[in-house]
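Reading through the structure tokens given below for one structure.
On a predicted model such as this, the values are computed, not experimentally measured, just so you know. Side chains included, hydrogens not; waters and symmetry mates left out as well; all remaining heavy atoms used.
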Amino acid sequence: MQRTILKNISIVNEGQILIADILLDNGYIQKIGDIENENSAKVIDGTGLHVLPGIIDGQVHFRDPGLTHKADLYTESKAAVAGGVTSFIDMPNTLPNVLTIDALNEKYEIAGQKSLANYGFFLGVNNDNLDEVIKLDTTNLLGVSDDGLYFTKKGNLLADNPETMEKLFANCKSVIAIHSEKEQIVEANEALYRNKYGENVPVSCHPLIRSEKACYEATKRAIELANKHKARLHILHLTTEAETHLFRNDIPLSQKKITTEVSVHHLWFSDKDYENLGVLIKWNPAIKTEKDKKGLLQALIDDRIDLVTTDHAPHTLEEKQKPYFESMSGAPMVQHSLNIMLEFYKQGLISLEKIAEKMCHNPAILYSIEKRGFIKEGYFADLVIVDLNQSWTVHKDNILYKCGWSPIEGTNFQTKVTHTFVNGNLVYENGNFNESHRGMALTTFKP
Ligand SMILES: NC(=O)N[C@@H](CC(=O)O)C(=O)O
């Protein structure tokens, strides 16, 4: 592996920005400080550039196996790396649904063959696989830490039986990660709008169907259960300002039993955008109001929200461009999440240090990901270099997703990812890839 020296670079890490050199060797950050140039090492002049720990995206849908006409672990991990993402945790609504350890192991095997970034996988839960889930000793899971569980109505992945919920919260030792929308409320709203519009419900009704109440009630109930059983709960992709008040910011993340995240699209879009973008921004949970969007950013900054994720959920344009009820929910984001957050930085809305905390440090803490998420000697050399003064436009020609489109096509960014290192390998450099690099499974040191 090529020894690399990053010279004179601004290091964004743990609440500070310091200019120094970094030596990468044998996959790790060997030294931070004043480093002499060596003939045998590749030297990157970091003058005027910033380096952050590689982004850890805590929620993606890379569709592999079973839905690979939309995306796969090779294409989407490549897009991820181009956006500065060096590790990801993938959701269980692949085919077969990940409801058994065998299905989980199959995904690790596929990722080992295909993924350019480091990978972890969630196990799903439904009303029938609970005994298997509870039996899990996470330390047995081939060294993985991404032991969250996942609820929602997706194929076979709904756990809505109250007894199942009680038993799960009482017995599960892992992080219980929940897609939090109350299906009964969503179904009642759907009926209401079908009555009004028949099959021609406009997509602008999506946030009224997948309503604030549906989200709030589900989140409140999950928190009650977690408190009752002292379980470790994580609410995925929060979308309403109202829910942000259910979370605390008076204790450090490492002591929190209840955590949450926001996905970049809920910070970027609001219901005003349905008019121009229509079903392309149909997501579950829905993009909501301008007030929600602002409230989410505020809660991210004041630490009621712990992480930024993408919920990268690619579908083909054909699957999207359909009438409201038939159009699939979700859109691809993983290549552009850091750029979006850096755009907020450019607008003076968030600091670089806070971005590193929410996209790098906190996912590592929350999911007990060992030796990643920080720029420290002895840690894996997962790093992203950004130029904060280079503009570019999202265009069909530079979108790397297998589905070939993005809801932010045409957006002009003022910042650019120039280099991404995964485990010390320079996997992405100014539009070029080391395509033969393969990432590693994420390890854990959970008790
Ligand atoms: N977030 C989405 O809108 N879509 C997700 C599924 C989901 O989380 O609902 C997908 O897998 O497409």
Side-chain angles (χ1 to χ4, degrees), residues 12-15 52-61 80 83-91 117-120 122 145-150 174-180 215 219 222-223 226 232-240 243-244 246-249 251-268 283 285 293 295-313 333-334 336-338 340-342 344-345 349-369 372-374 382 384 442 444:
V12 185
N13 189 56
E14 292 183 279
L52 285 80
I55 306 305
I56 301 174
D57 191 335
Q59 191 193 166
V60 304
H61 300 264
V85 176
T86 54
S87 298
F88 60 85
I89 309 178
D90 182 78
M91 284 290 157
N118 305 313
Y119 44 86
F122 281 96
S145 70
D146 29 80
D147 43 5
L149 303 162
Y150 187 67
S174 320
V175 178
I176 302 172
I178 294 191
H179 175 132
S180 179
C215 297
T219 299
I223 291 174
R232 179 65 191 84
L233 171 69
H234 180 68
I235 302 288
L236 299 160
H237 46 37
L238 217 64
T239 55
T240 67
E243 287 166 285
T244 64
L246 298 170
F247 296 88
R248 297 175 60 171
N249 60 1
I251 46 172
L253 174 60
S254 57
Q255 286 170 27
K256 286 188 186 179
K257 294 284 273 184
I258 296 171
T259 52
T260 190
E261 67 183 40
V262 62
S263 293
V264 272
H265 44 282
H266 294 118
L267 296 170
W268 187 252
W283 260 285
K293 175 176 141 172
L296 291 166
L297 186 62
Q298 178 53 42
L300 182 72
I301 286 162
D302 72 24
D303 296 338
R304 282 171 290 150
I305 295 181
D306 305 290
L307 307 186
V308 173
T309 62
T310 61
D311 185 17
H312 175 77
M333 283 311 254
V334 77
H336 304 111
S337 58
L338 178 56
I340 287 179
M341 294 310 295
L342 291 174
F344 292 137
Y345 160 74
L349 297 173
I350 190 167
S351 68
L352 293 175
E353 295 92 322
K354 202 64 162 175
I355 292 174
E357 181 188 327
K358 302 294 175 174
M359 301 185 89
C360 317
H361 310 331
N362 284 2
I365 296 169
L366 201 149
Y367 289 114
S368 304
I369 296 170
R372 302 188 192 277
F374 295 84
D382 289 346
V384 50
L442 299 172
T444 184

For the side chain of [X] and the backbone of [Y], is there at least one donor-acceptor N/O pair under 3.5 Å apart?
| X | Y | result |
| --- | --- | --- |
| Ser351 | Lys354 | yes |
| Lys257 | Leu233 | no |
| Glu261 | His237 | yes |
| Thr260 | Ile235 | yes |

Is there side-chain contact between [X] and [Y], with heavy atoms separated by less than 4.5 Å?
| X | Y | answer |
| --- | --- | --- |
| Arg372 | Cys360 | no |
| Asp311 | Leu236 | no |
| Phe344 | Ile301 | no |
| Ile223 | Thr219 | yes |

Can you tell me how the ring of Phe88 sits relative to the ring of Tyr119, calling it parallel under 30°, perpendicular over 60° and tilted otherwise? tilted
Give me the ring orientation class for His265 and Trp283: parallel if the planes are under 30° apart, tilted from 30 to 60°, perpendicular past 60°. parallel
Quick one, Asp303 with Lys358, criterion salt bridge (Lys or Arg N to Asp or Glu O under 4.0 Å). Give me CA distance, side-chain angles, the key distance, then yes/no. CA-CA 9 Å; Asp303 296 338; Lys358 302 294 175 174; 2.8 Å; yes
Working to the nearest 0.5 angstrom, can you tell me the gap between [X] [atom1] and [Y] [atom2]?
| X | Y | atom1 | atom2 | result |
| --- | --- | --- | --- | --- |
| Asp302 | Asn249 | CG | CG | 5.0 Å |
| Leu253 | Glu357 | CG | CD | 8.5 Å |
| Ile56 | Ile365 | CD1 | CD1 | 9.5 Å |
| Met91 | Gln59 | CE | CD | 4.0 Å |
| Leu338 | Tyr345 | CG | OH | 12.5 Å |
| Leu342 | Ile355 | CG | CD1 | 4.5 Å |

Using the side-chain contact (heavy atoms from CB on, under 4.5 Å) definition, which of the options Val60, Leu442, Thr309, Asp57 pairs with Ile89? Leu442
Identify the residue among Arg304, His234, Arg248 that makes a side-chain hydrogen bond (donor to acceptor under 3.5 Å, both in side chains) with Thr259. His234
Please report the closest heavy-atom contact between [X] and [Y], naming both atoms and the distance.
| X | Y | answer |
| --- | --- | --- |
| His312 | Met333 | ND1-N, 2.9 Å |
| Ala117 | Thr86 | CB-O, 3.4 Å |
| Leu238 | Glu243 | CD1-OE2, 3.6 Å |
| Ile369 | Pro363 | CD1-O, 4.0 Å |
| Val12 | Pro53 | O-CD, 3.5 Å |
| Val175 | Leu366 | CG2-O, 4.3 Å |

Show your working on side-chain contact (heavy atoms from CB on, under 4.5 Å) between Ile55 and Met341 and close with a plain yes or no. CA-CA 12 Å; Ile55 306 305; Met341 294 310 295; over 6 Å; no
Determine, stepwise, if the pair Phe247 / Ile305 fulfils side-chain contact (heavy atoms from CB on, under 4.5 Å). CA-CA 7 Å; Phe247 296 88; Ile305 295 181; over 6 Å; no
